[in-house]
Every structure is written in C-alpha cells, then in structure tokens.
Amino acid sequence: MMNKGKKQRFIVFRLIQLIGSIKLILILAVLFGSLGHIIATFIPGVGAFIISKAAIGEQINYGWAIGVLLGFAVLRSLLRYSEQMANHYVAFKTLHIIRDKVYEAVARISPAKLEVKDKGEMLAVISSDIELLEVFFAHTISPVLIAIVHTLTMSIVLWQFDHRYTILLLSAHLLMGTLVPYITYVYGREAGSENRRQVAVLNSKVLETFEGIRESIQFGNGSRRLNEVQEETKKMSTVARKLAAISGNNGAFTNSVILIAGTISVAVAAVLYQRCQVGAAGVVVPVVIIWSSFGPVAALSALANNLILTFACGRRVLGLLDEEPVVFPNEDGPEVKFENMSLENVKFAYGDGTLMEFEDFYLKKGEILGIHGKSGSGKSTLLKLIMRFYDVEYGKIAVNGVDIRHIKEKSLRENQSYMTQTAYLFKGTIRENLLVGRRDATDRDLEEACRKASIDKFIAKLEDGMDTHIDKLKSSLSTGEAQRISLARAFLHGGDLMILDEPTSNIDSLNEGIILRALSREKKHKAIIIVSHKSSTLRICDKIIERNDVYEYPTKQHNDKGFCNCY
C-alpha cells in the first residue's frame, strides 16, 4: 500500500501526464513569471542601491538610474502580461483536454456502468472537479516553479553581499513554501475530501428534488424534501467554514514568517555594519530584497488550500479515467448484414447477483418476437445482452451464426434499432432529435418515420413543425408523445433488427393500433423484438417468450474512489 506522500506524488505525476501537448506553453509561463518576479524584486533593490550610494556622497548618473528603473518597470509589465496570457492558454486548453478525456471515459464505460453511477457524483466530476484541476495546472504548477527559480536567484544575489543573508532568505522561504503548506494540507486533507463528497451528495439531492417535484407536490412532501436539502447544505457549509478557518490560519502563519524574517534581516544588517563587514549598500539592498522577495513564495504558501481540493478532485477524475468498461468493444471483428439471430443456453448475473437463465430462441427477418413477464424477470436485461451492453456469462448470442462478441461493434450497432423504455429527448429541435437516429436522413425519411410512429399529426399542428424546440414543449409534451418521437428515431435508424422496450406503455389505444400496424408492415424486411407487459401490444407477435422468474438484483457498492462496483 502506498503511503500518503507517494499517493499525492503519483496523482501529480498522472495529472501532468494528461497535458503533455501543452507542456511547452507551461514552461514559457514559468520563464515569463520567473523573470517578471526577479525584475519586480530588483526594482526596489536597485532603488535602494542608488539611495545608498547617494547617501555616502558618491556621484550618481540619475538619468541612467531613472532609465534603468523605467526599463525594468516596462519589462516587468510585458513579462507579467505574457505570463498571464500563457497561463490562461494553459487553463482553457487544460479544460478542453481533461473534459475530452473524461467524456471519452464516460463513453467507454457506458452504458452499463452509467446505469449504476450516482448522477450527482458524475455532475460534480464533469463540472466542478475539472474546474478545480484547471486551477491546479494554470495556477499551481507555474507558481511553484516560479517560486523555486526566484528564490534561487535572490539567494545568489544576496550571497554577493554576505552568505548570512542567503541563509536567512532560504530558511524563511523554505519555511513558508514547505512547512506552512504541509501543515495546512495535513489539517485540511480530510476536510477537502469531505468537501468534494458533500458537493456530490448535494448535487444528487437537488437533482432528485427537481426530478421528483411532481411526486413531492402530490404527496405533500415538499417541506420534508426542502429540509433534507437544507440539511445537506448546512453540512457542506460546515466543511466550507472549516476550510476557511484553515485558510485563515495559513495566512496568519505566512504573514508572521514575513514579519519575523524581515525584522531579523534588519538586525543582521545592523550587526554586520557595526562589525564593518558590509558597507551602506550591504545594509540597505539586502534588507530591501529580503522584504520584497516574499511575493512568489507567499503565493506558494497560499496554494495549500487549493492542493487540498486538487488532490481530492484528482483522485475522483483519475478514478473515472481508470474505470474499465464492463464490455470491451470489438474494433476488428467481421461485419455482418442481419438475417437472423439466436440465443443458446444464455445465462447472466450482475456481479454477485443471482444467475439468470434465458430461454433459447431463433429469430429471422419477417418475424416478431414478444417478451412478456413480471417486473424484475430480466426482460430489459435480455435486451441489453442482445445489444451487447453486457456480455453473457454462459452460452452464446449469435447474429447470422456469429457470436456477437466477435462482430465489429460498429456493424452490430448499424444492424440494431433500439428504443429504450424511458424516452430521452435532447435539447434542440424535434428534427435534431430525430436525426440522432440517422444523420443523413432526408425530410421525406423524417416524415415517413414520424408517420410510422403516429407522431406526424402532432408535429404538423406545431407552429414550427419539426423545427420546434423541445424546450418550448416541455410543459405540453406528454410522456406518450415523447415516446413516439423516440420510436420514430428507431424507425429512422433503419437497422434490420428492431429492439423495442415497452414501445406502447404510455400510448393510447388508437395510437397503439397505428404503431402496431406500422410494425406489422416493417416485419416484411426486418426482425422485431418487443418487450411489453401489455397483451394488446404482443398480439402482433409471431412467438412470445414468457418470463416467469423474478430475480433479486444486487445493490450498488462503491469503491474508495467513489465509483460503483456492481459487476
């Protein structure tokens, strides 16, 4: 088991690996920032040098001195601008890179693992966790390296006056840049992890509240639900106050170190001057440099609070990126053109759940297969196995005699038109939602699919027709209408195997009859599987499988990264 320090270094190393393509820009940000802070410290140092020389009566070329100071000021501004521009580029590019990788991970583990993940947790990872990692890349790595370069440079400069100034500066900077952040991190580590967990819990609670608002109103549960949300908010506020207190202590320690180190520098300078070991410049310049040198390292000290949250976010994001899919897609298998499919001795279990057995069947084009049974009997699970969202434990599911595990995934998907039990409509127009089924569909294709799904008359009554935005229909769009749009999408996809999960569950008898007639016509050149609890829907089926056994499904269990292990 890795100790805490190794775990944090491993997280940092993994995070830096994620942004390999923008390391050069990050290096430039460090270069510009280091030079800028060095010059910013030199400005009062050079001023102090000029004043010390003038104080002992040496001849000063004030035009030259003012020119140097103005040149430093302009150069400092340009370097500061360049540093900020580079860091902002790193920030926005980081958001793009990490979000892209996170979405790739979500696509890789879907759909099986997404069924069991907490929505609030996923929302926290995709939004706030990634935002905080952007702060780490753009405003943590760069300041750390800048502080190191700046401290070493100032140490070399002070060595030219007296090595004791260098020892004092290094001691103060090390104390501020290492010990103070470490103490802050140790005291705030648990609070940081709790903060990210509480954000996910609150997200879930709010999402559940909005999704179940009708039920809360119907059963008079609004007040209790509000109290639950407020209770989670209070818990998050308590953690936030703890982090704020830790941040305040961090600031107090930092300011104390600056004050003590600055005071000691004055005392050291006075002693060295009394012993005639340094001149006027050796008194004024080092003291001014020491007092002016704490900017980068003070910023580094303040980063401890960011690191507390960064490591918590990093663990969650990396945990998602490291998730293995339940099913690995076949990218190199043969392509098929659907003619028939069969199930042979198929058995499946979710994780440590009860082993489900499925009846053997053979289905070819021109046939409709119905699956009927009680809730929990594995009807939807059987469809997911046919879609290869999960792989069977035993037996074989074959298309044209080829095990679907050996078929190229793209080909398998092209052969299947799948309608889920719960219709989901994306933000956009009805047309855009239909085109999800087939991007190159013509207006005629869209109209034909809508007619088959008995949604054409509803769309025709809308002012903007297919170009009506779903958002405008949210309050008036019934569950049955949304289901018919989803069914039209399945018709449009054109797969030779149609897989329909409760296609008429929220549809009245008239529209059910229209849809069933369309499906009867479709079977001339397709094979169709219908899962339904309605006998009226299954009357068009050529054969029906009865699922009588009800299975107990496993509950969700989460690993130490916060992600679900149910497989």
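Owing to the predicted nature of the structure, the values given are computational and were not obtained by experimental measurement.
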Side chain proximity check, Y394 to E357, heavy atoms < 4.5 angstrom: no
Geometric class of the H88/F92 ring pair [parallel <30°, tilted 30-60°, perpendicular >60°]: tilted
Test item: E228 and R225 side chains (from C-beta on) under 4.5 Å apart, heavy atoms: yes
F253, CZ atom: more than 12 neighbouring heavy atoms under 6.0 Å: no
S486 and Q483: CA distance, side-chain angles, deciding distance, side chain to side chain contact (heavy atoms under 4.5 Å, CB included) verdict: CA-CA 5 Å; S486 178; Q483 193 170 23; 5.5 Å; no
Note, D501 side chain near V531 side chain (heavy atom, < 4.5 Å): yes
Side-chain donor or acceptor of R431 paired with backbone N/O of M466 under 3.5 Å: no
Rounded distance [0.5 Å steps], CD in E512 versus OG1 in T537: 3.5 Å
Any side-chain heavy-atom pair of C450 and L434 under 4.5 Å: yes
Closest non-hydrogen atom pair, A261 against A172: CB-CB, 3.7 Å
Where I404 and L385 come nearest, the two heavy atoms and their spacing: CD1-O, 3.4 Å
Flag side-chain contact, heavy atom, 4.5 Å: R99 against Y103: yes
Mutual orientation of the aromatic rings belonging to H150 and H37 [parallel < 30°, tilted 30-60°, perpendicular > 60°]: perpendicular
Backbone N/O of H96 and side chain of D100: donor-acceptor pair under 3.5 Å: no
E502 side, atom CD; I507 side, atom CD1 - distance, nearest 0.5 Å: 11.0 Å
Contacts of type side-chain contact (heavy atoms from CB on, under 4.5 Å), residue R80, not counting sequence neighbours: R76, E83, Q84
CG on L487 to CE on M498, rounded to 0.5 Å: 6.0 Å
Min side-chain heavy-atom separation L462-K472 under 4.5 Å: no
Residue pair T151 / P296, side-chain heavy-atom distance below 4.5 Å: no
Test item: R413 side-chain N/O and M387 main-chain N/O as donor-acceptor pair under 3.5 Å: yes
Main-chain N/O of K379 paired with R547 side-chain donor or acceptor, under 3.5 Å: no
H173 and S293: CA distance, side-chain angles, deciding distance, side chain to side chain contact (heavy atoms under 4.5 Å, CB included) verdict: CA-CA 9 Å; H173 283 206; S293 68; 3.1 Å; yes
Interatomic spacing from CG in L145 to CD1 in I27 - rounded to 0.5 Å: 9.0 Å
Heavy-atom pair of closest approach, residues F491 and A453: CE1-N, 4.0 Å
Donor-acceptor contact present, side-chain T429 to main-chain D467, <3.5 Å: no
Step-by-step side chain to side chain contact (heavy atoms under 4.5 Å, CB included) determination, K427 to E432: CA-CA 9 Å; K427 187 174 182 179; E432 289 167 342; over 6 Å; no
Donor-acceptor contact present, side-chain S478 to main-chain E481, <3.5 Å: yes
Rounded distance [0.5 Å steps], CG in L412 versus CD1 in I407: 5.5 Å
Side chain K534, main chain T504, donor-acceptor under 3.5 Å: yes
Worked verdict on R388 versus I397 for side chain to side chain contact (heavy atoms under 4.5 Å, CB included): CA-CA 9 Å; R388 205 178 169 234; I397 300 176; over 6 Å; no
For A91, side-chain contact (heavy atoms from CB on, under 4.5 Å) partners two or more places apart: E134, A138
Side-chain donor/acceptor of Q416 to backbone N/O of I386, under 3.5 Å: yes
Lys/Arg N to Asp/Glu carboxylate O, E232 vs K235, below 4.0 Å: yes
Results of side-chain contact (heavy atoms from CB on, under 4.5 Å) for L26 - residues two or more places apart only: I19, V90, I141, S142
Close side-chain approach of I109 to V326, heavy-atom, < 4.5 Å: no
Minimum-distance pair of heavy atoms, taken over all atoms of F358 and T381: CZ-CG2, 4.1 Å
Exceeds 12 heavy-atom contacts within 6.0 angstrom, atom NZ of K23: yes
Where M356 and G378 come nearest, the two heavy atoms and their spacing: SD-CA, 4.2 Å
Donor-acceptor contact present, side-chain N330 to main-chain R405, <3.5 Å: yes
Shortest non-hydrogen contact from E409 toward P329: OE1-CB, 3.2 Å
Any donor-acceptor N or O pair under 3.5 Å, side chains T468, E463: no
Euclidean distance, D440 CG relative to L492 CG, rounded to 0.5 Å: 8.5 Å
Polar side-chain atom of R108 near backbone of L321 as donor-acceptor pair, under 3.5 Å: yes
